[in-house]
Structures are given as structure tokens and as C-alpha cells.
Amino acid sequence: MGKLLETETDGRVTPESVSAALNATKLELALAVAICIVVALLAVSLSLSRVMELTVLALIAVVSAAWVILRTRQVVRRLAVAAQEGRNGAQQEQ
């Protein structure tokens, strides 16, 4: 979280802080993909109808995608707030 709020004096968020802030989201994406793969293997190994398999896969994919999208939006929103605070601080110093 410390690197998340590091901004340059002119209020811009540095590429390093963006990368550091998105690292947790990258791990969550990897976890979501792993869960989808496990569910896909389970759905194929169980004796379910094709429609049921596709429904289960679609449901887990939508839930995983929604989770990653929401978490990414939270991180980006925090970065935007940090950049705005940095700009406000730079303007007050002038």
C-alpha cells in the first residue's frame, strides 16, 4: 500500500507505483484462472449433461471476471485519488 500512494511532486502517479498497485490484482487474476481450470476439469469428469457443464463453466467464468474487474476498478480508483491528492498538494505548494 505504501507504493500505491507514492506520487511525483507534480501529482502524476509513477509507473512503478501503478505496477506495484496492480500486483495483487494480477495474483487474483491467476487465482481466478486456476479456479476456472479446476472447475472445468471437475465439470468434464462428472457425468453432467453438456448444457449443465456449459452452465457451470459460464457461471464460474462470469463470477471470476466480475471479481477481477471490481478489484481492478478499486485499485485504479485508489490510484486516481492518490494522483489527485498529489496534484492538490503540488498546487498548494506553488
Side-chain angles (χ1 to χ4, degrees):
M1 180 94 167
K3 288 192 173 200
L4 177 65
L5 299 177
E6 289 179 9
T7 56
E8 296 176 358
T9 57
D10 61 359
R12 289 185 292 155
V13 176
T14 63
E16 293 81 17
S17 66
V18 172
S19 178
L22 290 174
N23 278 341
T25 306
K26 293 174 194 174
L27 291 175
E28 290 179 17
L29 174 62
L31 180 64
V33 169
I35 290 171
C36 287
I37 291 171
V38 168
V39 169
L41 292 173
L42 285 174
V44 170
S45 67
L46 297 175
S47 58
L48 300 174
S49 67
R50 291 284 177 205
V51 173
M52 193 64 164
E53 285 179 7
L54 291 175
T55 302
V56 168
L57 292 176
L59 181 65
I60 196 71
V62 167
V63 169
S64 297
W67 175 259
V68 172
I69 289 169
L70 290 174
R71 293 289 295 144
T72 303
R73 287 176 56 97
Q74 287 177 348
V75 170
V76 170
R77 191 175 302 124
R78 276 189 258 149
L79 287 170
V81 168
Q84 185 65 33
E85 288 174 355
R87 279 188 221 108
N88 290 342
Q91 289 175 356
Q92 290 175 356
E93 290 176 4
Q94 292 177 353

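Residue numbers run from 1 in the order of the sequence given.
Here the side chains of Lys26 and Ser19 are in contact, with some heavy-atom distance below 4.5 Å.
When atom types are taken as modelled, the side chain of Ser64 and the backbone of Ala61 share no donor-acceptor pair closer than 3.5 angstrom.
Each of Val68 and Ile60 belongs to its own hydrophobic cluster when Ile, Leu, Val, Met, Phe, Trp and Tyr are linked at side-chain heavy-atom distances under 4.5 angstrom.
Here the options are Val33, Thr25, Leu27, the test is side chain to side chain contact (heavy atoms under 4.5 Å, CB included), and the partner is Leu29; only Val33 passes.
For the atom pair CG of Leu48 and CG of Leu57, the computed distance is 9.5 Å after rounding to the nearest 0.5 Å. One distance of note links CG of Leu42 with CD of Glu53; it measures 11.0 Å at 0.5 Å rounding. If you take OG1 on Thr55 and CZ on Arg50, they are separated by 12.5 Å, rounding to the nearest 0.5 Å.
The salt bridge (charged side-chain N to carboxylate O under 4.0 Å, His left out) test applied to Arg77 returns no partner, not counting sequence neighbours.
Considering all non-hydrogen atoms of both residues, Leu79 and Ala21 come closest at CD2-CB, 4.0 Å.
Grouped with Val63 in one hydrophobic cluster are Leu59, the linkage being side-chain heavy-atom contacts under 4.5 Å among Ile, Leu, Val, Met, Phe, Trp and Tyr residues.
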